[in-house]
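Throughout, residue positions are numbered sequentially from 1 according to the sequence presented.
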Amino acid sequence: MTNENNPFKKGKMTATFAFGSQALYDFMHENEDIYMMPVSQTNNACLLKDINDLVTVNAGVEVDFMGQVNSEKVGDLYFSSTGGQSDFQTAARLNENGRAIICLHSTAKNDEVSKIIPTLKPNTPISTHKNDVDYIVTEYGIARLRGKTIRERTKALIEIAHPKFREELTHEATKLGYL
């Protein structure tokens with residue numbers, strides 16, 4: 001990675017914050033290849049959308065059949081905030097060749113809970129709206145959701161769910177009238 005096409009600071013890595021080990025801080029200290037910027041710039045969808053072939057990668061906790069993504073809450077516990085996820089998803093959607101990727105594990109609790117679910121529970125935050133979701137990725141594949149119907153989204157998401165949950169998810173999708 002050369003950062004030669006970085007629109008904020010050519011040839012530099014740009015970031016707005018860092019959190020990690022002492023090795024990370026040692027690497028960053030007085031490193032002229034790193035340029036720290038305010039979040040109002042690094043997460044500005046109006047600026048990001050003009051980056052050629054923008055690809056964004058964010059994490060999710062769970063996704064429902066419509067493609068709504070919760071990236072903030074596990075059960076009743078908030079563990080995160082949306083951060084720049086919505087900004088980056090919007091920027092990629094507005095970019096002519098943009099691609100927005102949300103990654104998540106297909107399961108939790110030692111493969112006992114599917115992270116692809118029929119519907120988000122009440123009071124679950126929707127970190128990324130279904131209309132801003134492009135790709136969902138699990139260890140079982142990639143589901144392209146942009147421009148798809150609910151039926152197509154449901155099928156694509158079940159295909160990347162953990163195999164042990166696919167039959168149950170198909171049954172639930174049928175009950176909901178999605179398949």
Side-chain angles (χ1 to χ4, degrees), residues 1-74 78-106 108 115-116 120 125-149 152-153 155-157 159-161:
M1 178 153 58
T2 65
N3 292 302
E4 285 304 308
N5 295 316
N6 185 336
F8 296 118
K9 196 74 167 174
K10 185 175 178 154
K12 305 284 183 188
M13 290 180 267
T14 53
T16 200
F17 69 91
F19 180 75
S21 66
Q22 187 60 48
L24 171 67
Y25 302 139
D26 292 344
F27 169 76
M28 293 181 67
H29 183 67
E30 297 182 10
N31 186 332
E32 293 182 10
D33 291 327
I34 299 173
Y35 186 71
M36 299 301 284
M37 298 173 57
V39 71
S40 62
Q41 291 176 13
T42 60
N43 293 25
N44 185 329
C46 293
L47 298 174
L48 295 168
K49 73 175 179 54
D50 294 328
I51 297 172
N52 290 336
D53 301 317
L54 178 67
V55 176
T56 67
V57 180
N58 285 282
V61 173
E62 60 189 354
V63 59
D64 71 12
F65 289 156
M66 285 192 273
Q68 301 178 122
V69 179
N70 162 26
S71 299
E72 303 170 51
K73 198 172 175 185
V74 175
Y78 270 95
F79 78 95
S80 184
S81 182
T82 56
Q85 187 169 111
S86 62
D87 300 315
F88 286 101
Q89 292 292 125
T90 299
R93 184 174 43 81
L94 295 173
N95 185 280
E96 184 177 344
N97 296 310
R99 293 173 305 281
I101 300 165
I102 297 204
C103 303
L104 66 146
H105 294 284
S106 65
K115 302 312 277 174
I116 293 173
L120 294 178
I126 298 172
S127 309
T128 301
H129 188 273
K130 68 181 183 64
N131 296 332
D132 288 330
V133 171
D134 195 359
Y135 295 94
I136 301 287
V137 176
T138 72
E139 63 274 31
Y140 292 99
I142 302 167
R144 173 104 199 247
L145 302 187
R146 185 185 288 186
K148 304 277 176 145
T149 66
E152 292 168 330
R153 288 167 174 259
K155 284 181 180 180
L157 288 165
E159 288 176 9
I160 64 166

Undergrad: Do Q89 and T56 make a side-chain contact, defined as non-hydrogen atoms from C-beta onward lying under 4.5 Å apart?
TA: yes
Undergrad: Got more than 12 heavy atoms from elsewhere within 6.0 Å of NZ, K155?
TA: no
Undergrad: So V63 and T128, do their side chains get closer than 4.5 Å, heavy atoms only?
TA: no
Undergrad: Looking only at heavy atoms, what is the nearest atom pair of G60 and L104, with distance?
TA: O-CB, 3.2 Å
Undergrad: Hey, what do you get for NZ (K148) to NZ (K130), rounding to the nearest 0.5 Å?
TA: 14.5 Å
Undergrad: Let me have the donor-acceptor pairs involving side chains of residues 1-21, under 3.5 Å, with sequence neighbours excluded, atom names and distances please.
TA:
| residue | atom | partner | partner atom | Å |
| --- | --- | --- | --- | --- |
| T2 | OG1 | E4 | N | 3.2 |
| N6 | OD1 | F8 | N | 2.8 |
| N6 | OD1 | K9 | N | 3.4 |
| N6 | ND2 | K12 | O | 2.7 |
| N6 | ND2 | T14 | OG1 | 3.4 |
| K12 | NZ | E32 | O | 2.4 |
| T16 | OG1 | M37 | O | 2.7 |
| T16 | OG1 | V39 | N | 3.0 |
| S21 | OG | A23 | N | 3.3 |
| S21 | OG | L24 | N | 3.3 |

Undergrad: Can you tell me how far OG of S40 sits from CG of L47, rounded to the nearest 0.5 angstrom?
TA: 9.0 Å
Undergrad: Do R144 and D134 have side chains that approach each other closer than 4.5 Å (heavy atoms only, starting at C-beta)?
TA: yes
Undergrad: Donor-acceptor pairs under 3.5 Å, side chain of residues 91-103 to any protein atom, not counting sequence neighbours: which ones?
TA:
| residue | atom | partner | partner atom | Å |
| --- | --- | --- | --- | --- |
| R93 | NE | D132 | OD1 | 2.4 |
| R93 | NH2 | D132 | OD1 | 2.8 |
| N95 | OD1 | N97 | N | 3.0 |
| N95 | OD1 | G98 | N | 2.9 |
| N95 | ND2 | K49 | O | 2.8 |
| N95 | ND2 | I51 | O | 2.4 |
| N97 | ND2 | D53 | OD1 | 3.2 |
| R99 | NH1 | N97 | O | 2.9 |

Undergrad: Quick one: CD on E72 to CD on E62, what's the gap to the nearest 0.5 Å?
TA: 11.0 Å
Undergrad: ring-ring contact (aromatic ring centres under 6.0 Å, His included) with Y140: which residues, sequence neighbours excluded?
TA: H162
Undergrad: Nearest 0.5 Å, please: how far is CE in M36 from CD in Q41?
TA: 12.5 Å
Undergrad: Quick check for you: to the nearest 0.5 Å, what is the distance between T90 atom OG1 and N43 atom CG?
TA: 11.0 Å
Undergrad: Would you find a donor on one side and an acceptor on the other, under 3.5 Å apart, between the side chain of S71 and the backbone of A59?
TA: yes
Undergrad: Using side-chain heavy atoms (C-beta onward) and a distance below 4.5 Å, is N70 in contact with Q68?
TA: no
Undergrad: Is there side-chain contact between K115 and V61, with heavy atoms separated by less than 4.5 Å?
TA: yes
Undergrad: Say you draw a straight line from CG of L157 to OG of S106; how long is it, rounded to the nearest 0.5 Å?
TA: 12.0 Å
Undergrad: Of the non-hydrogen atoms in G147 and E152, which two are nearest, and what is the gap between them?
TA: O-OE1, 4.5 Å
Undergrad: Report yes if the side chains of V137 and I160 come closer than 4.5 Å at any heavy-atom pair, otherwise no.
TA: no
